[in-house]
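As structure tokens, the structure follows; a few thoughts come after it.
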Protein chains: 2
Amino acid sequence: MPSMARMQVEADARSVPGTRQQRGRERRAAVLEAARRLFSSQGFKGASLAAIAHEAGITDAGLLYHFPTKNDLLLAVIAEGDREQDEALEKVRDVQGLPLLQRMAEFGADLEADPILTALDVTLSAENLSGGSEINAYFVGRYDRFRAMLAQAFEEARRAGDLAGDFDPAVEAANMTAVLDGLRLQWLLSDGAVSMAGGMRAYVTGVIARLSPKP
Amino acid sequence: MPSMARMQVEADARSVPGTRQQRGRERRAAVLEAARRLFSSQGFKGASLAAIAHEAGITDAGLLYHFPTKNDLLLAVIAEGDREQDEALEKVRDVQGLPLLQRMAEFGADLEADPILTALDVTLSAENLSGGSEINAYFVGRYDRFRAMLAQAFEEARRAGDLAGDFDPAVEAANMTAVLDGLRLQWLLSDGAVSMAGGMRAYVTGVIARLSPKP
DNA sequence: AGTATTTCCTAGCGAGCACTAGGAATCTTC
DNA sequence: GAAGATTCCTAGTGCTCGCTAGGAAATACT
């Protein structure tokens, strides 16, 4: 009799496939993905726990078992996105100087491949412009590191004789970062009329053409 | 006796100076300014009517006399900001072609003069990335017009012989807009480590140097 | 078989939200 | 000075929010 009862409720949402801990991890991942989607399209304050939980197929109380507070959920979403972007950056890290700058031309195309993560970055950074919060510190640090990486590449390119002129590596690094961010925003706001890949490639080749040593 | 009663309450918040309609306009302006400040720092959803009203020196119900809904208040804030930016653009509109592009170098400095309006733009555009809302349509249209203005300037500069090469005016317009927006974000996120004025000037002179006809 | 653990739900709490109803105080107009 | 218009408040409504308490069901352990 108990075994029959088990079989009757086998189709229940909780007992789908696999072991207990497997289902737990899968639910957790589903919540993270739903949270990324809703945070990116509605912002942190705009997305409710109930809506995220519904998208993940559970209730809000069920969600709070995996992430004890809404802020914890946000931090997990950010940590996951950060990890993915670090992986994308590692493909670039083995080169330096001018080759690194040249590879930045493909960064626009990379971002176009993941519109949700791109929109998440725009939304969350704009939602945390003013200081104090943990998230604001994260974005400030990330921009600092990104600019430092590019500035170092500009310096090395000049030292190697690949670039010339009296340009300021810090300014060039900030400007290249700005093009990436600005195109991101226009791409999201223009229904595809603005291409990040095309704009970024044009910018990088333009910078290199302008700063190339004259023979 | 009534006159004495009047004098006793003369220091009341409502009866400060001037006529009735003057006070009304002043309060309305105070509400608009408080709303701009709070919307820019906390976003639309993050700023409550009570907080805005408190900053303006009245209650939330008093605020709703001037602006019947929160969305009406937002539209008024946006309309006011739009008017100010139109005025700033009109100083540029009398020139065309290369001179217009050269004047864009000063746009970074102009934005630095009004950090609140700049942050408001970043916050609200990021909060309305996805389509449908009235505000989203506003931003899409504004970017379209701005890019069109710059693209036309690039075309005219080439026609006049001030610029040369096989550059794409649409791409150059999008990229120049992107630098402006991207520097805006970094400026707000870097405690002044990134200068919008310096970056924008470097970019404009760089573009002109790169596209100048070779003698 | 019995116990413990993991996972998720039902139910509800207190706070904050945008917004409303109705009235009071002030100023203008006659 | 009475009548009307303007401006703003007190009080409250219904809703949604993040979060908690406690339990139920399924699985794993012994």
Can you tell me how far [atom2] of [N] sits from [atom1] of [X], to the nearest Å?
X	N	atom1	atom2	answer
His54(B)	dC17(C)	NE2	P	13 Å
Lys45(B)	dG18(D)	NZ	C1'	17 Å
Phe67(A)	dG18(D)	CZ	P	15 Å
Arg28(A)	dT6(C)	CZ	P	15 Å
Glu26(B)	dT6(D)	CD	C1'	15 Å
Phe44(B)	dA18(C)	CZ	P	8 Å
Leu49(B)	dT20(C)	CG	P	11 Å
Leu63(A)	dC9(C)	CG	P	10 Å

Look at all strands and tell whether Ala47(B) reaches a base, only sugar-phosphate, or nothing, counting heavy atoms closer than 4.0 Å. sugar-phosphate
For [N], take OP1 and OP2 only and decide whether either is under 4.0 Å from a side-chain N or O of [X].
X	N	answer
Tyr65(A)	dT7(C)	yes
His66(B)	dC8(D)	yes
Arg27(A)	dT7(C)	no
Thr59(A)	dC8(C)	no
Ser48(A)	dT16(D)	no

Let me see the working for Val140(B) and Asp191(A) under side chain to side chain contact (heavy atoms under 4.5 Å, CB included), right down to the final yes or no. CA-CA 9 Å; Val140(B) 171; Asp191(A) 268 331; over 6 Å; no
For residues [X] and [Y], is any side-chain donor paired with an opposing acceptor at under 3.5 Å?
X	Y	value
Asp82(A)	Tyr138(A)	yes
Tyr143(A)	Arg147(A)	no
Thr69(B)	Asp72(B)	yes

Nearest of dA18(C), dC9(C), dC19(D) to any side-chain atom of Ile58(A)? dC9(C)
Which nucleotide in dA11(C), dC19(C), dT10(D) has an atom nearest any side-chain atom of Ala61(B): dT10(D)
Has the side chain of Asp60(A) got a donor or acceptor that lies under 3.5 Å from a partner of the other kind on the base of dC19(D)? yes
Given Arg36(B) and Glu84(B), is the salt bridge (charged side-chain N to carboxylate O under 4.0 Å, His left out) satisfied, shown in steps? CA-CA 13 Å; Arg36(B) 175 186 289 196; Glu84(B) 289 179 24; 3.0 Å; yes
